[in-house]
Structures are given as C-alpha cells and as structure tokens.
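Counting starts at 1 for both ligands and their atoms, following the listed order.
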Amino acid sequence: MTKKDVLKPQLWTPRPVAETIAVYADWAETYDAEVEKRGYRTPERLSKALADVIDLSTTVLDFGCGTGLSGIALKDAGFQTLHGTDVTSEMLEKATAIGLYEKTWVSTPEDPAFGKGAYKAIAAIGVVSLGAAPPETLAMLVGKLNTGNILAMSYNEPTLRDVSYIKALDDEVASGHVEVIFRENGPHLEDVGMTSDVIILRHK
Ligand SMILES: C[S@@+](CC[C@H](N)C(=O)[O-])C[C@H]1O[C@@H](n2cnc3c(N)ncnc32)[C@H](O)[C@@H]1O
C-alpha cells in the first residue's frame with residue numbers, strides 16, 4: 001500500500017487492530033501534510049464545540065491523538081492542558097515532539113491505561129471510526145466517564161454509513177449512560193467533499 005492509497009476509500013474499511021496500527025505507523029511521516037492538503041476540518045470544529053461546553057482550564061485527554069493535529073486544534077480553541085494517547089507509537093512520537101502535551105503514552109486497544117473518572121473531558125477526534133478504533137471503543141470510553149464528564153467525538157461519512165458504529169452510539173444513548181448535548185454535520189476533508197458529525201456526549 002502506498003502512502004497516497006491510504007487516503008483513498010480503502011482507508012475506511014474494518015480491519016484487525018494490528019493492521020490498523022501498521023497503516024498508521026506507515027502513514028506517520030506524511031499524515032499531517034496529506035490530511036492538511038485535503039482540508040481536514042473536524043479537529044477545529046469539534047474543539048470549538050467542546051470549548052463552548054466546558055471550562056478551558058479543564059485537562060482534556062486527546063484519545064487517539066495521532067501526530068497531534070487534534071491537540072493543536074484543542075490548543076487553538078483555548079484548552080491549556082492536554083494529555084495524549086494513541087495505539088500507534090510512530091504517530092504518538094510526532095505528537096510528543098510538538099511539545100503541546102503535558103503527558104503522552106502509548107496505549108493498547110485492551111488497556112488505554114487511564115482510570116474511570118481520570119478525565120472530565122475526553123476528545124476522540126477521528127478515532128472511533130471505520131478503519132481506526134472499532135465501535136466497541138465507544139462503550140469503553142463512556143465507561144471511563146463519571147457523571148457530568150464529557151466525551152467529544154466524531155463520525156466521518158463512511159462511519160455514519162456503518163450500522164455497527166451507529167448502533168454503538170445509539171446503544172449508549174438508549175441505555176441512559178449518556179445524553180447528546182451537541183451534534184452537527186460539517187466539513188471533514190473539505191477538498192474531497194467529505195463531511196463528519198461532531199458529537200458531544202455528557203455522562204448522566
Ligand atoms: C485518523 S487518525 C486521527 C488522529 C488525530 N486525532 C487527528 O485528528 O489527527 C486515527 C488515530 O486513531 C488511532 N487509533 C486507532 N485505533 C485506536 C485505539 N483502539 N485506541 C486509540 N487510538 C487508536 C490511530 O493510531 C490514529 O493515530
């Protein structure tokens with residue numbers, strides 16, 4: 001697979017975890033340039049929406065922080081203290097190197113290595129997504145929240161068409177674990193005309 005290929009539709013397909021990590025490890029070097037060239041807008045949209053619902057002094061966990069583009073957007077929205085984690089060490093190394101995060105660590109899909117209630121706000125920007133973290137990750141993240149805590153997440157267009165991701169979100173709402181306090185469709189990769197929903201959940 002060439003690095004250009006991974007931004008083609010085959011990026012947005014289900015795959016085993018080891019393969020997901022391999023895709024992102026291979027992409028780490030050119031990820032920023034490639035997604036920025038295509039007008040990656042979800043981080044900015046979701047960070048601004050998050051800034052409207054929680055205090056900017058809140059420490060935000062940037063879950064699946066990748067190379068740190070989501071952290072840059074969170075900082076630009078005004079958040080001062082960020083922690084970042086990702087399953088792909090090559091992506092995380094880039095995020096660590098930009099020096100925005102107070103703390104970063106490599107997590108595993110089985111063990112994200114933080115406790116319930118450790119964060120009042122978790123951002124998962126482009127993470128619980130077809131081709132990245134599986135739908136079950138959503139319930140895992142919700143399970144890490146205490147009452148009133150926030151999960152800010154996004155579903156891109158291919159993910160919005162996947163019943164397993166829709167069901168994962170519907171289940172969390174229907175079970176009464178969370179309420180949707182913000183949801184808005186808008187540009188994801190502007191240059192290729194792809195949209196995403198940015199979604200903010202509050203734990204009940
Ligand atoms: C599309 S990138 C988004 C990165 C960053 N949040 C951004 O907005 O640029 C998806 C990221 O999710 C990470 N990822 C995939 N599965 C994961 C999991 N189970 N837990 C945490 N991160 C995961 C990948 O390694 C990759 O860095």
Side-chain angles (χ1 to χ4, degrees), residues 3 6-50 60-77 79 82-98 100-101 104-114 119 121-144 151-159 165 168 187-190 192 194 196 198-199:
K3 283 168 183 150
V6 293
L7 257 190
K8 291 180 178 172
Q10 61 263 38
L11 174 63
W12 298 291
T13 57
R15 55 170 66 86
V17 170
E19 218 177 286
T20 299
I21 293 172
V23 166
Y24 281 100
D26 184 48
W27 200 6
E29 210 51 55
T30 56
Y31 175 89
D32 288 8
E34 290 190 21
V35 301
E36 280 174 342
K37 194 167 72 188
R38 285 166 173 83
Y40 183 37
R41 293 283 316 284
T42 295
E44 178 194 355
R45 290 174 46 229
L46 189 45
S47 300
K48 283 184 174 162
L50 184 60
V60 179
L61 173 63
D62 187 4
F63 179 84
C65 63
T67 57
L69 288 184
S70 38
I72 291 170
L74 287 161
K75 278 270 172 172
D76 287 349
F79 291 102
L82 304 178
H83 293 181
T85 188
D86 201 285
V87 293
T88 309
S89 56
E90 290 83 351
M91 296 286 277
L92 189 75
E93 276 165 24
K94 302 273 176 200
T96 305
I98 60 177
L100 281 184
Y101 296 91
T104 58
W105 69 96
V106 179
S107 46
T108 67
E110 302 75 36
D111 182 13
F114 64 94
Y119 292 98
I122 301 174
I125 303 179
V127 179
V128 185
S129 182
L130 205 55
E136 307 82 69
T137 306
L138 182 57
M140 181 281 289
L141 289 172
V142 168
K144 296 291 187 187
L151 173 62
M153 54 172 283
S154 63
Y155 274 175
N156 61 23
E157 256 182 88
T159 306
Y165 284 91
H188 176 60
L189 293 174
E190 207 158 34
V192 297
M194 183 184 286
S196 65
V198 298
I199 302 162

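Geometrically, Lys144 engages Phe114 in a cation-pi contact defined by less than 6.0 Å to the ring centre and at most 45° from the axis.
Taking all atoms of both residues into account, the shortest heavy-atom contact from Gly71 to Asp62 is N-OD2, 3.1 Å. Listed here is the closest heavy atom pair of Gly131 and Thr20: O-CG2, 3.6 Å. Closest non-hydrogen pair, Asp86 versus Cys65, comes out as OD2-N, 3.4 Å.
Of the polar atoms of Pro109, none of the N or O atoms is found under 3.5 Å from an N or O of ligand 1, judged by distance alone. The shortest N or O to N or O distance between Ser70 and ligand 1 is under 3.5 Å. Of the N or O atoms in Ser107, none lie within a sub-3.5 Å distance of an N or O in ligand 1. At least one N or O atom of Gly64, backbone or side chain, sits closer than 3.5 Å to an N or O atom of ligand 1. Checked by distance only, ligand 1 and Asp86 come closer than 3.5 Å through their nitrogen or oxygen atoms.
Remark: aromatic rings of His83 and Tyr101 are distant, center separation not under 6.0 Å.
Among Ser70, Ser129, Ser196, Pro187, the one residue that satisfies the side-chain contact (heavy atoms from CB on, under 4.5 Å) test with Thr42 is Ser196.
When only modelled atom types and interatomic distance are considered, Arg45 and Ser154 share no side-chain donor-acceptor pair under 3.5 Å. Using modelled atom types and a 3.5 Å distance limit, the side chains of Ser107 and Thr85 yield a donor-acceptor pair.
Numbered from 1 in the order shown, with element, the atoms of ligand 1 that lie under 4.0 Å from a heavy atom of Met91 read 27 (O). Heavy-atom contacts of Tyr31 reach the following atoms of ligand 1: 1 (C), 2 (S), 3 (C), 4 (C), 7 (C), 9 (O) (cutoff under 4.0 Å). The distance from ligand 1 to the heavy atoms of Gly66 drops below 4.0 Å at these ligand atoms: 4 (C), 27 (O). Remark: ligand 1 atoms within the under-4.0 Å shell around heavy atoms of Phe63 are 20 (N), 21 (C). Short contacts between ligand 1 and Leu69, defined as distances under 4.0 Å to a heavy atom of the residue, involve ligand atoms 9 (O). Ligand-side atoms of ligand 1 in range of Tyr40: 7 (C), 8 (O), 9 (O), range being under 4.0 angstrom from any heavy atom.
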Stepwise side-chain contact (heavy atoms from CB on, under 4.5 Å) test for Ile125 and Ser47 | CA-CA 9 Å; Ile125 303 179; Ser47 300; 4.1 Å; yes
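Counting heavy atoms under 4.0 Å from ligand 1, residue Ala124 does not touch it at all.
Remark: minimum distance from atom 23 (C) of ligand 1 to any protein heavy atom is reached at Val87 CG2, 3.4 Å. Nearest protein neighbour of atom 19 (N) of ligand 1, counting heavy atoms only, is Ala133 CB, 3.7 Å. Atom 10 (C) of ligand 1 has Gly126 O, 3.4 Å as its closest protein atom, hydrogens excluded (heavy atom only).
Remark: Arg41 engages Glu44 in a salt bridge, criterion side-chain N to carboxylate O under 4.0 Å.
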